[in-house]
Amino acid sequence: IMFSVIGFPSIAFVGYGLGFWAAPFFLRVHGVSASEAGIVLGLFAAIGGWAGVTLGGVLTDKLREKYVRGKFYVGMASVVLSTPAAIGLIISENLFVAYVFNFIFALTSPMWIGPAASTVNDLVLPRMRAIASAFYILMVTFIGLALGPYTIGFISDAFTASGTDSADALRQAMLYATSMLGLALIMLYIASTSVADEEASRLDRAR
């Protein structure tokens, strides 16, 4: 379970980080207006986020019927699919292409949300689910929501202070942040290898 509550929040690190800095990125790098960025990115986040979370839940239910690691398969798929979308979004010089990659990222990056929450509950007894869920949410909040946007901003400021143009500084910072997806993939794979044993040993571990 410890690998799970590191792996899934590491995906959130990139999702929250890129989501927070997407609008400034398009303003600085592609020169779009604030109103255009707000409308386009807002719609992409709403539509892609809803569809991604729903798709992740549906796939999880189907895979979990056949594979004990089904939830982790969806989490790892979210990483594998969203990584090239994130990199394409960041490095593309064409505005339309960057928008397309942004929508793909908005669709694939939240697929892990449903499987993550349910995985934490699967690995403990019902009486322990409140504490397990609270700890999971705490990890997502600190690693994803707090550190994601902050770290990208910190790195961007460091590059700017060294003389890098603000647009390039933000682009490099966002690109470096995507490396957390590699950590997420490793953590989720390790967690998946022991999920069957951990589910079977819930009672013994609780004792």
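The heavy-atom pair separating Ser133 from Val120 by the smallest distance is N-CG1, 4.1 Å. Considering every non-hydrogen atom in both Leu170 and Pro24, the closest pair reads CD2-C, 3.9 Å. Nearest heavy-atom pair across Val68 and Val195 is O-CG1, 3.9 Å. Nearest heavy-atom pair, Met139 versus Val5, reported as atom, atom and distance to 0.1 Å: CE-O, 3.3 Å. Residue Ser109 comes nearest to Ile11 through the heavy atom pair O-CG2, 4.0 Å, listed as atom of the first residue, atom of the second, then distance. Residues Ala37 and Val32 approach most closely at CB-CG2, 3.9 Å, considering heavy atoms.
At least one side-chain heavy atom of Leu181 sits less than 4.5 Å from a side-chain heavy atom of Ser82. Looking at Val14 and Phe105, their side chains come closer than 4.5 Å, going by heavy atoms from C-beta outward. Contact of the Ser192 side chain with the Met76 side chain is registered, since non-hydrogen atoms from C-beta on lie closer than 4.5 Å. Considering only heavy atoms from C-beta on, Tyr136 stays 4.5 Å or farther from Ser4 through its side chain. A heavy-atom distance below 4.5 Å is not found between the side chains of Thr193 and Phe3.
For the pair Arg64 (side chain) and Gly70 (backbone), a donor-acceptor distance under 3.5 Å is absent. Thr178 places a side-chain N or O within 3.5 Å of a backbone atom of Leu175 that can act as its donor or acceptor partner. Side chain of Ser78 to main chain of Thr108: a donor-acceptor pair is present (N/O by atom type, distance under 3.5 Å, no hydrogens or angles). Looking at Thr151, its side chain never comes within 3.5 Å of a backbone N or O of Gly148 through a donor-acceptor pair. In terms of modelled atom types and a separation under 3.5 Å, the side chain of Trp21 and the main chain of Pro149 share a donor-acceptor contact.
A single hydrophobic cluster is not seen to contain both Ile87 and Ile155; linkage of ILVMFWY side chains at heavy-atom distances under 4.5 Å, directly or through other members, places them apart. Linking Ile, Leu, Val, Met, Phe, Trp and Tyr residues whenever their side-chain heavy atoms come within less than 4.5 Å leaves Phe142 and Phe20 in two separate clusters. At a threshold of 4.5 Å between side-chain heavy atoms, the hydrophobic network of Ile, Leu, Val, Met, Phe, Trp and Tyr places Val80 and Ile90 in one connected group. Under the 4.5 Å side-chain heavy-atom criterion for Ile, Leu, Val, Met, Phe, Trp and Tyr, Ile39 and Val29 are members of distinct hydrophobic clusters. Cluster membership for Met2 and Phe8, using ILVMFWY side-chain heavy atoms within less than 4.5 angstrom, is shared.
The aromatic rings of Phe44 and Phe103 sit perpendicular, their planes meeting at an angle over 60°, well past the 30° parallel limit.
With values rounded to the nearest 0.5 angstrom, Leu107 atom CG is found 11.0 Å from Ile47 atom CD1. Within the model, atoms OG of Ser118 and CG of Asp61 stand 8.0 Å from one another, a figure rounded to the nearest 0.5 Å. The structure places OH of Tyr73 at 13.0 Å from OG1 of Thr60, a figure rounded to the nearest 0.5 Å. Put simply, CG on Leu183 and CG on Leu188 are 9.0 Å apart, with the number rounded to the nearest 0.5 Å. Here Leu55 contributes atom CG and Trp50 contributes atom CH2; the two are 10.0 Å apart, rounded to the nearest 0.5 Å. Expressed to the nearest 0.5 Å, how far CD of Glu36 lies from CG of Leu95 amounts to 6.0 Å.
Among pairs with a residue in residues 180-200, none fulfils ring-ring contact (aromatic ring centres under 6.0 Å, His included), at least two apart in sequence or across chains. For residues 152-176, the side chain to side chain donor-acceptor pair (under 3.5 Å) pairs, not counting sequence neighbours, are Glu93-Arg171.
Annotation: Tyr99, atom OH; neighbour count of heavy atoms from other residues, nucleotides and ligands within 6.0 Å is above 12.
Residues passing the salt bridge (charged side-chain N to carboxylate O under 4.0 Å, His left out) test with Arg28, sequence neighbours excluded: none.
Tyr16 pairs with exactly one of Leu145, Leu147, Thr141, Ile152 by the side chain to side chain contact (heavy atoms under 4.5 Å, CB included) rule, that one being Leu145.
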